[in-house]
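Reading through the structure tokens given below for one structure.
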Amino acid sequence: MGRTIWRTPPWHIRRTGFPEAWRLLRLRRRRRGPVEIGLLDSGVDLTHPYLRDLLGPGINLLSPGDLPHDDHGHGTHVAGILAVASGAVGGQRPVWPPPLRIRPVKIFDRQGYGRIRDIIAGLQWCRAQGCEIVNLSFGTDRRASEELAEAIRALEKAGILLVGAAGNDGRGGAVDTPGKYPEVLAVAAINRRDRLARFSSRGPEVDLVAPGAGLFSLAPGGRFCRMSGTSMAAPHVTAAAAMLLSVRPGLTPPAVRAHLKHTAEWLPQIHASAQGAGLLRADRLLREEP
């Protein structure tokens, strides 16, 4: 990977216990091959020096036949969080081979807009490709179609874990679709003071919280930028789940969700409806047996 901007793990990686999880990962017997992550988003900068070794074949559903290049920036930022959280990028001793591989699925255009039918097609593609986790760092407050709900249920039945963003509406009872579906692990966002980010949606569908305010990550063109949102919180959970499946292959989505919640850290200053089971702790996830 060469030189890296992440000389030491950033605050959000330290707060969620990833450095200790990397150490535990090195000590555990791991399965052959990385956990395949379907990333439904705006695509990814396929040539970014911090990503290119972590990417598998993807698909562009907006322009079939073209590569899933990111012309918006959101997908590359999310992929950067997956990369650093997994331990593959940054620090003095990267985790290699990495526990995950990113499969970019471009469903959003340069303005960040997409269609339900493309989300469904992306989910079906991930299932056909053998993805084990699908990261859904997006949401809508519109009434979702039954076709989308059925596509989500089909992935759950196929043994695929779904991790989604809770939403950025900043109010209660406003968890976005698809995060509100019971099959999707909805992640809300905290800031570096362990407070709920002001934009983070709240509601009984929230399962966990993770850092999501002012996170420094990758941008198209080999660049870097800061973004905020529950979209940035979700990939922390996706990366941790991939590490767990790397050492405990065969765990079902309900078992992974239950272990993520069981090992979370309760934050007493945040209401239960805003944090679910609490803050993701990757170290506890790998230290304790499911």
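Residue numbers start at 1 and run along the sequence shown.
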Assess the pair Phe108 and Tyr113: is the distance between their ring centroids shorter than 6.0 Å? no

Do Val44 and Ile133 sit in one hydrophobic cluster, given that two such residues count as connected whenever their side-chain heavy atoms are within less than 4.5 Å of each other, even indirectly? yes

Please step through salt bridge (Lys or Arg N to Asp or Glu O under 4.0 Å) for the pair Arg284 and Glu20, ending with a clear verdict. CA-CA 9 Å; Arg284 297 180 183 178; Glu20 174 64 11; over 6 Å; no

Working for salt bridge (Lys or Arg N to Asp or Glu O under 4.0 Å), residues Asp194 and Arg15: CA-CA 9 Å; Asp194 280 359; Arg15 183 63 185 91; 2.9 Å; yes

Would you mind writing out the side-chain donor-acceptor pairs for residues 147-161 within the sub-3.5 Å range, not counting sequence neighbours?
from	atom 1	to	atom 2	distance (Å)
Glu150	OE1	Arg153	NE	3.3
Glu150	OE1	Arg153	NH2	3.0
Arg153	NH2	Glu146	OE2	2.4
Glu156	OE1	Arg257	NH1	3.1
Glu156	OE2	Arg257	NH2	3.1

Tightest non-hydrogen contact, residues Ala79 and Leu39, listed as CB-CD2, 3.9 Å

Check the pair Lys106 / Asp71 against salt bridge (Lys or Arg N to Asp or Glu O under 4.0 Å), numbers first and verdict last. CA-CA 10 Å; Lys106 184 175 177 62; Asp71 52 6; 2.9 Å; yes

Can a donor-acceptor pair be found, under 3.5 Å and without considering hydrogens, that links the side chain of His259 to the backbone of Glu288? yes

Indicate, with yes or no, if Val206 and Leu196 share a hydrophobic cluster defined by side-chain heavy-atom contacts under 4.5 Å among Ile, Leu, Val, Met, Phe, Trp and Tyr. no

Does the side chain to side chain contact (heavy atoms under 4.5 Å, CB included) test come out yes or no for Ile120 and Gln124, once each step is laid out? CA-CA 6 Å; Ile120 294 171; Gln124 293 170 340; 3.7 Å; yes

Minimal heavy-atom distance between Leu245 and Arg31, with the atoms involved, is O-CD, 3.8 Å

Around Arg198, counting heavy atoms of other residues, nucleotides and ligands shown, do more than 12 lie under 6.0 Å from its CZ? no

Do Arg195 and Gln269 pair up side chain to side chain, a donor and an acceptor below 3.5 Å, judged on atom types alone? no

Looking only at side chains, do Thr230 and Asn168 share a donor and an acceptor under 3.5 Å apart? yes

Chi angles and distances behind the salt bridge (Lys or Arg N to Asp or Glu O under 4.0 Å) call for Arg28, Glu289: CA-CA 12 Å; Arg28 300 281 291 275; Glu289 286 292 322; 3.5 Å; yes

Show, in sequence, the C-alpha distance, side-chain angles and deciding distance for His48 and Phe224, and conclude whether the ring pair (Phe, Tyr, Trp, His ring centres under 6.0 Å) test is met. CA-CA 10 Å; His48 201 294; Phe224 310 88; 5.6 Å; yes

Heavy-atom check, side chain of Leu280 versus side chain of Phe18, under 4.5 Å: yes

Are Trp266 and Gln275 close enough, and set up right, to give a side chain to side chain contact (heavy atoms under 4.5 Å, CB included), and what steps lead you there? CA-CA 8 Å; Trp266 182 255; Gln275 68 171 313; 3.3 Å; yes

State, without any angle test, whether His74 and Ser231 hold a side-chain donor-acceptor pair at a distance under 3.5 Å. yes

Is any side-chain heavy atom of Leu218 less than 4.5 Å from a side-chain heavy atom of Asp45? no

Between the side chains of Thr140 and Asp176, is a donor N or O closer than 3.5 angstrom to an acceptor N or O? no

